[in-house]
Amino acid sequence: MSSELNTVGDVAVITLKNPPVNALSYPMRKAVMSELAAALKDERIKAIVLIGQGKGFCGGADIHEFDTPEAGLEPTAWTVIDALEQSAKPVIAAIHGICMGGGFELALGCHYRVAAKGTQFAFPEVKLGILPGAGGTQRLPRAIGVENALNMIVSGTPVVAEMLAAIPKQTLIDALSNGIDTLLDDAIVLATRMIAVTPPKIRDLPCEQANAAAYFQFARNMTVPGLVAGNAVKYCIQCVEAAATQSFQDGMKVEHELFMRLLASSEFRALKHVFLAEKMAGKVEGISRDTPQREIRRVGVVGGGLMGTGIAMNFLNAGIPVTLLEVSQEALDRGVKTIAGNYASQLKKGKLDQAKLDARMALLTPALSYDALADADLAIEAVFETLAIKETVFKALDAVMKPGAILASNTSTLDLNKIAGFTRRPQDVVGLHFFSPANIMKLLEVVQGDQTADDVMATVMALAGKIRKTAVVSGVCDGFIGNRMIEELLRQAGFLIDEGASPHQIDKAMEKFGMAMGPFRVADMAGNDISWAIRQRRAVERPDLRYSEIGNRLYESGRHGVKTGGGWYDYLPGRRDPQPSLIMEEIIRAHRDAIGIRPRKIDDQEIVQRLVYALVNEGARILEEGIASRASDIDMVYILGYGFPAWKGGPMHYANEQGLSKVARTMQSFAQNPYADPAFWQPAPAIERLADHYDTF
Ligand code: 3HC
């Protein structure tokens, strides 16, 4: 059932029932319309209350329904809102939990609103690359003023009911209720009081802004480029400007036209994909939602370096005690100091108060002996990336940890099954690959070993949510999803330098495409000695994998990146912004001479296609091998872990948008280039298969 009609005295109560967030799906819209009609017809009914069941009032339009025929079927959200607003009997929205997007617009169409304290109101549309398209941009400015409304609409940020109710002269919230328990009663009291009053409509209120032209120009100037790609922010401002300068009807026309334009945009398709991909990522194939979980009350972190301390902070932030283990007092002190320093800087920036800082530090126990981990429910190893060192650590963990504890490795490339094999409990071993800085980056790659137990997977996936990470499951392979794919991008980036591009040109082209940072800037920050070590290992394990030699020339010249003051770029002491490097230019020139390549002019399109399609081709192989279970998981890894632009939806979505047959043809053309590792450019069978059927990942 999508909604339900009850009566309390002479008040009809329509309850929105569409779990989990009462999204405005077609069946729900239909049900509300028919219950409204019944309430209007029934002469005994004098007023109507609209309330949501479950966790909130309404989370907005049904995101799953966009793109389906149901989205446009009558009654649309516009029709429902109009019918509520035109009702001759007063309609009171009783709002709790969440009131977002189309749900907020539904509430704005009602004549009165009672909100439970703590309710979050938001127009998150802009985060999907669209705008509130069912009257929100026209009604909200009339209810809370142009400036407040514009802030909410262009930011998408939730505002709590108490704050909205405190806005001078606002007409959004007529009464605050103490909570969900009192909400319906309070709404019925208000409804009964208003029976004899002509229902007021927000649309009839004036909407004024002093010096409107100057104000909206200022708003446009203040828009941060790249906040949300595409036209969403620009159009939001245009709609609110129409609210302040035109009639309600004309403003609605502007809103509708711009909304429809955004609905047809590639940014919206991408951002909607990302929203749904993020929700999907948490679901592990073959593991049901009711799989029992192990309790995690204390966490041990082995290694107090950059990764270990960042990992520890995630748990401290979530109120979970952490034992931090190091081999020497000096290293341990350094680790504790790093954590304290990070919190101190958050305190300085006003992101943390002293009480919280003290509470978090109190949860941290430094330790020098593995025995201190005996009572930990989960231990995460974040030590140097060699199998020999991992062996020592896992044998030690196996010896001291209690039965049922989870043993996790933060390895980014090594064989998790081998690591599990160092213990007598491979079923309790899992990979938890955090991304640096581990306390900030949202991505967590959860590596499922051949023997990892289902309840271990269920536990760590739920734990990821508690520490505010988006977990994506990867099978075992060299580099897992993210690093295995990036390796192919980096190989192509190296070949592009051999052939004539400069690191700067490649970085700029990728940044223009939307990547947070070009690959060579990232490499300089991560350390070129690290990538060199990985190539050394690969040369033994995968001698078939060809690399440009330029990375080795860089390493041999001691240019290890930011930390050595030079890498692909030069760096001034204490600075991280890259400067063009004459030394590097010379190294590249000498390298090209040595391998006998005469540089050619390479355009940005080739750069972007070779680097992004390298991700796509390897991504397709990863899918075929079952390392990732969905293309959308791969997209999440790249958006959250590697700075791929969300508004392009991730590499696999991007390839879908390009058309897989075009992608396959372009790959085949790259295969003609002897310097680009032609064998790699044979399109993965999955791409050819899908392209043949005009299908998508
Ligand atoms: N449509 C369909 N499903 C939705 C949804 C929506 N608008 N909002 C949330 N859901 C689903 C999620 O997919 C998830 O499904 P799952 O359980 O199968 O994974 C479930 O609800 C719970 O979502 P969360 O895990 O995100 O729950 P939270 O409690 O953490 O957050 C929320 C709830 C704040 C509502 C958050 O889900 C959210 O931000 N949703 C998006 C809201 C939104 O963007 N609304 C605007 C839609 S566009 C619109 O209304 C256009 C209009 O102007 C015409």
Side-chain angles (χ1 to χ4, degrees), residues 2 16 18-29 52-68 70-72 75-82 95-109 118-140 149 152-160 228 232 235-236 239 252 255-263 265 267-269 271-284 288-289 442 461-462 464-466 468-471 630 632-633 636 646:
S2 301
L16 308 176
N18 184 16
V21 297
N22 298 325
L24 278 171
S25 62
Y26 169 61
M28 194 168 91
R29 298 193 305 266
Q53 190 188 52
K55 74 201 270 186
F57 178 70
C58 175
D62 186 342
I63 295 179
H64 300 278
E65 198 180 75
F66 284 116
D67 290 346
T68 69
E70 279 78 24
T76 62
W78 293 272
T79 307
V80 177
I81 293 167
D82 203 45
I95 309 164
H96 76 286
I98 45 166
C99 181
M100 297 192 173
F104 195 178
E105 293 174 306
L106 198 67
L108 284 163
T119 303
Q120 303 275 327
F121 288 80
F123 275 130
E125 283 86 343
V126 75
K127 296 181 181 168
L128 292 170
I130 54 174
L131 55 79
T137 66
Q138 303 306 298
R139 289 192 181 89
L140 190 62
M152 285 190 80
I153 292 168
V154 297
S155 70
T157 309
V159 181
V160 74
V228 176
Y235 287 179
C236 284
C239 288
M252 285 295 280
E255 182 194 90
H256 188 67
E257 195 206 312
L258 298 179
F259 178 67
M260 296 314 281
R261 266 196 232 168
L262 293 175
L263 270 194
S265 68
E267 287 84 8
F268 169 60
R269 285 195 297 280
L271 292 166
K272 181 174 58 108
H273 165 76
V274 173
F275 176 85
L276 297 174
E278 188 158 11
K279 307 288 163 207
M280 279 303 284
K283 300 177 174 93
V284 189
S288 78
R289 273 189 187 210
K442 251 195 109 186
M461 294 305 282
K466 284 189 199 134
R468 298 167 162 273
K469 301 286 177 204
T470 299
R630 326 171 178 100
S632 61
D633 282 358
M636 285 324 296

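Order of listing sets the numbers, starting from 1, for every ligand and every atom in it. Any value given below was found using the heavy atoms of this structure, including those in side chains, with hydrogens, waters and symmetry copies removed.
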Exercise for the section: Kindly confirm or rule out a cation-pi arrangement of Lys272 over Phe275, judged by NZ or CZ under 6.0 Å from the six-membered ring centre and within 45° of its axis? Expected result: no

Under a 3.5 Å threshold, I'd like every N/O contact between ligand 1 and protein atoms, with atom names and distance.
| residue | atom | partner | partner atom | Å |
| --- | --- | --- | --- | --- |
| ligand 1 | 1 (N) | Ala61 | O | 3.4 |
| ligand 1 | 1 (N) | Ile63 | N | 2.9 |
| ligand 1 | 7 (N) | Gly59 | O | 3.3 |
| ligand 1 | 7 (N) | Ala61 | O | 2.8 |
| ligand 1 | 18 (O) | Lys283 | NZ | 3.4 |
| ligand 1 | 19 (O) | Lys283 | NZ | 2.8 |
| ligand 1 | 26 (O) | Lys279 | NZ | 2.5 |
| ligand 1 | 27 (O) | Lys55 | NZ | 3.3 |
| ligand 1 | 29 (O) | Lys55 | NZ | 2.9 |
| ligand 1 | 45 (N) | Gly59 | O | 2.9 |
| ligand 1 | 50 (O) | Ala61 | N | 2.9 |
| ligand 1 | 50 (O) | Gly102 | N | 2.8 |
| ligand 1 | 53 (O) | Glu105 | OE1 | 2.9 |
| ligand 1 | 53 (O) | Glu125 | OE2 | 2.6 |
| ligand 1 | 53 (O) | Gly133 | N | 3.1 |

Fill in the blank from the handout: With sequence neighbours left out, the residues meeting salt bridge (Lys or Arg N to Asp or Glu O under 4.0 Å) with Glu278 are Lys442

Exercise for the section: Decide side-chain contact (heavy atoms from CB on, under 4.5 Å) for Val274 and Leu128; before the verdict, give the C-alpha distance in whole Å, the side-chain angles of both, and the deciding distance to 0.1 Å. Expected result: CA-CA 9 Å; Val274 173; Leu128 292 170; over 6 Å; no

Exercise for the section: Would you sort out whether Gln120 and Val160 count as a side-chain contact (heavy atoms from CB on, under 4.5 Å), showing the intermediate values? Expected result: CA-CA 5 Å; Gln120 303 275 327; Val160 74; 4.3 Å; yes

Practice task
Please step through side-chain contact (heavy atoms from CB on, under 4.5 Å) for the pair Leu131 and Leu262, ending with a clear verdict.
Solution key: CA-CA 8 Å; Leu131 55 79; Leu262 293 175; 3.8 Å; yes

Problem - Aromatic ring pairing Phe259/Trp78, orientation class (parallel under 30°, perpendicular over 60°, tilted between) - result: perpendicular

